[in-house]
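Each remark here refers to the structure printed beneath this line.
Throughout, a chain's letter reflects where its sequence line sits, starting with A, and its residues are numbered from 1.
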2 protein chains.
Amino acid sequence: MVWIDIKDSTPIYEQIVNQFKNLIVRGALSTDEKIPSVRNLAMELSINPNTIQKAYAELERQGYIYTVKGRGNFVSPREELMEIKKSEIMEHIEAVAVEAEKSGVDINHLIDYLRSRNKSED
Amino acid sequence: MVWIDIKDSTPIYEQIVNQFKNLIVRGALSTDEKIPSVRNLAMELSINPNTIQKAYAELERQGYIYTVKGRGNFVSPREELMEIKKSEIMEHIEAVAVEAEKSGVDINHLIDYLRSRNKSED
DNA sequence: TTAAGTGTACTAGATGACATAGTACACATA
DNA sequence: TATGTGTACTATGTCATCTAGTACACTTAA
């Protein structure tokens with residue numbers, strides 16, 4: 001389900017966060033589906049439960065999962081997720097736009113790039 | 001010229017790198033202009049010279065400045081810089097596009113956003 | 001030639017984020 | 001009641017970052 005890349009300098013808990021975000025957004029995990037328990041996943045990955053705990057807490061903070069004490073962690077409703085993810089992407093595109101402005105790079109270059117990129121994928 | 005935000009968790013050397021990149025790209029520092037010496041800037045900011053050294057090494061690695069031993073550090077030629085910066089921005093926009101695809105967000109949303117954003121600034 | 005300013009390369013130590021190890025407690029369910 | 005679950009806590013080790021200090025090679029101006 002998820003794995004760890006020890007050669008990656010990204011903190012383990014962050015790798016886990018990113019992978020679950022991908023799985024959830026891709027639809028590989030469906031709404032209200034239970035994800036592995038803190039202890040189980042820790043065993044499976046041969047890492048400490050505290051690290052999984054930290055990853056799950058972050059996923060909950062960002063709205064990707066919800067927690068029920070004594071029962072486990074579950075995937076948040078799909079509509080909410082799409083909104084969250086869309087907001088994130090819009091923040092990122094805004095950041096790149098600001099970066100381009102500050103550097104004197106024409107926004108139209110970005111638009112053209114996205115447009116040609118979109119076409120070539122049809 | 002540059003400053004440090006101790007409340008910012010970003011490493012000091014990275015803050016300095018980012019600020020010089022901004023100054024250079026904005027044109028606040030011109031081609032072949034000398035930037036403060038390692039020791040001077042360290043004194044001014046009340047931090048260790050090694051930290052400035054690390055920042056300057058990174059700036060040189062990224063092509064923003066060039067170093068002449070015994071003389072100091074200087075801003076790279078403007079044309080090269082614009083190319084470097086443009087490449088960086090294109091990498092970023094590509095990353096956002098990939099992110100959008102993976103999440104099922106239509107690239108046209110991004111294009112529309114950039115387009116309306118561009119218009120409203122006229 | 002000499003002194004001052006410059007980049008560069010070391011070693012040694014402090015601090016904080018990250019991860020591990022172990023324990024304990026509260027809650028839900030079969 | 002037993003098991004599985006989330007959660008909280010302390011202690012320890014590792015590593016990146018930063019500081020501190022020293023040393024050397026180079027450039028420039030006096």
Counting only heavy atoms and a strict 4.0 angstrom limit, can you tell me which residues of residues 45-65 of chain A come near DNA chain D? A:Asn50, A:Gln53

Could you state the CE-P distance from A:Met43 to C:dA21, rounded to the nearest angstrom? 14 Å

Can you tell me the distance, in whole Å, between the CD1 atom of A:Ile35 and the C1' atom of D:dG4? 15 Å

Give a yes or no answer on whether the side chain of B:Arg78 reaches the backbone of B:Ile24 with a donor-acceptor pair at less than 3.5 Å. yes

The test is salt bridge (charged side-chain N to carboxylate O under 4.0 Å, His left out); show your working for B:Glu83 and B:Lys86 and say whether it passes. CA-CA 5 Å; B:Glu83 280 311 305; B:Lys86 196 174 170 185; 5.4 Å; no

Closer than 4.0 Å, any side-chain N/O of A:Asn40 to the OP1 or OP2 of D:dG4? no

Quiz question: by atom type and distance under 3.5 Å, do the side chains of B:Glu58 and B:Gln62 form a donor-acceptor pair? yes

Let me know the distance between CZ of B:Phe74 and P of D:dT27, rounded to the nearest Å. 12 Å

Give a yes/no on whether any side-chain N or O of B:Ser37 is located under 4.0 angstrom from OP1 or OP2 of C:dT6. yes

Measure the spacing between OG of A:Ser46 and CG of A:Leu41 and express it to the nearest 0.5 Å. 10.5 Å

Check: A:Glu80 side chain, A:Gly63 main-chain N or O, donor-acceptor pair, under 3.5 Å: no

Please give, in whole Å, the distance from C:dG16 P to B:Ile6 CD1? 13 Å

Is the side chain of A:Ser76 donor-acceptor paired with the backbone N or O of A:Tyr64 at a distance under 3.5 Å, no angle test? yes

Count the heavy atoms of every other residue, nucleotide or ligand shown that sit under 6.0 Å from CE of A:Met43, and state whether that count exceeds 12. no

Answer yes or no: is there a donor N or O on one side and an acceptor on the other, between the side chain of B:Asn18 and the main chain of B:Glu14, under 3.5 Å? yes

Rounded to the Å, how far apart are B:Ile12 CD1 and D:dA16 P? 18 Å

Just checking, is any N or O donor in the side chain of A:Asn50 or A:Tyr13 under 3.5 Å from an acceptor N or O on the other one? no

Letter per nucleotide, 5' to 3', of nucleotides 25-30 of chain C [B base touched, S only sugar-phosphate touched, - untouched; heavy atoms, 4.0 Å]: --BSS-

Whole angstrom is fine here: how far is it from CG in A:Asp8 over to C1' in D:dC15? 15 Å

Ignoring backbone atoms, test whether B:Tyr13 places a side-chain nitrogen or oxygen under 4.0 Å from the OP1 or OP2 oxygen of D:dT17. yes

How many whole angstroms separate atom CD of A:Gln15 from atom P of C:dC18? 13 Å

In whole angstroms, the gap separating C1' of C:dT6 from OH of B:Tyr66 amounts to 15 Å

